[in-house]
Amino acid sequence: MVLQEKTNQLSEKNSCLGKVLIPEEKIRAEVKKAAAQLDKLYDGRPLLLVGILKGSFIFMADLCRELSVPCEIGFITAKSYYSGTESSGKVTVSGELSQDLSKYHLVLVEDIIDTGRTLKEVVRIMKERSPVSVTVVTLLDKPERRLVEFEPDVSLFTVPDKFVVGYGLDCAEQFRYLPCIAEYIPEK
Ligand code: IMP
Ligand code: MG
């Protein structure tokens, strides 16, 4: 709650921080529901949650702690935004997953799906390693912005075509620490 107040204070001081679109209580409730959906995947073979850095780090931390079944955690890095709010269109994926994926249900954990390019590429690369199953969980989805066809299996919130920050999401590395999702208003 202290951080929620901090967000409000920051909005007053920063002309680039707009309205809080999703408060932390709502995020918490939806994370619990998403974890309950993932619990059902477990059939004795372990779950491997793979977060896409950096944006998914807070979502991942909360999601794995709401699961009732065991899981392992991994991270990969996917880059499609190089500065500010503009996408370059090119996706680069890096990072090692040491597990033999053919033994795991793979759960890809993403902060937001925008054009769809990042996840399409990550799913393609991961499927080459023959996991038992692939499930894509995204905190946020901006379907209006899609440039390639891509549907997540679990999406906690649909957001309008606005740039958003907080709960792991940044703009030029700022505001990841906010407890809620807020609108970002680019300076003119
Ligand atoms: P996509 O490849 O266009 O779907 O882009 C997905 C990536 O772009 C996400 O993982 C985010 O890192 C970034 N991104 C897209 N929209 C936003 C936003 O509104 N705020 C912060 N990051 C965003
Ligand atoms: Mg991201």
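Heavy-atom basis, side chains included; hydrogens, waters and symmetry copies ignored. Whatever order the structure lists ligands and atoms in, that order sets their numbers, starting from 1. Residues take their numbers from the sequence shown, with the count starting at 1. No experiment lies behind these values; they were computed from the predicted model shown.
- Between R124 and E128, at least one side-chain N (NZ, or NE/NH1/NH2) sits under 4.0 Å from a carboxylate O, which counts as a salt bridge.
- Between G116 and ligand 1, at least one N/O pair is under 3.5 Å apart.
- Residue K142 has at least one heavy-atom neighbour below 4.0 Å for each of these atoms of ligand 1: 16 (N), 17 (C), 18 (C), 19 (O).
- Side-chain polar atoms of D39 and S68 form a donor-acceptor pair below 3.5 angstrom.
- For ligand 1, the atoms closer than 4.0 angstrom to any heavy atom of D170 are 21 (C).
- Residue R117 approaches ligand 1 through these ligand atoms, each under 4.0 Å from one of its heavy atoms: 2 (O), 4 (O).
- Atoms of ligand 1 found under 4.0 Å from any heavy atom of T118 (numbered from 1 in listed order, with element): 1 (P), 2 (O), 5 (O), 6 (C).
- The pair E25-R28 fails the salt-bridge criterion, with no side-chain N (NZ, NE, NH1 or NH2) lying under 4.0 Å from an Asp/Glu carboxylate O.
- Using a 4.0 Å cut-off between charged nitrogen and carboxylate oxygen, D141 and R146 count as a salt-bridge pair.
- Neither the backbone nor the side chain of R145 comes within 4.0 Å of ligand 1, counting heavy atoms alone.
- Ligand 1 lies within reach of L169, whose nearest heavy atom is under 4.0 Å from it.
- Every N/O-N/O distance between I113 and ligand 1 stays at or above 3.5 Å.
- The only member of E72, Q99, R129 that meets side-chain hydrogen bond (donor to acceptor under 3.5 Å, both in side chains) when paired with Y104 is E72.
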Side-chain polar contacts of residues 148-168 - donor-acceptor pairs under 3.5 angstrom, sequence neighbours left out - could you list them?
unit_1, atom_1, unit_2, atom_2, d
D153, OD2, V136, N, 2.7
Y167, OH, D62, OD2, 2.5

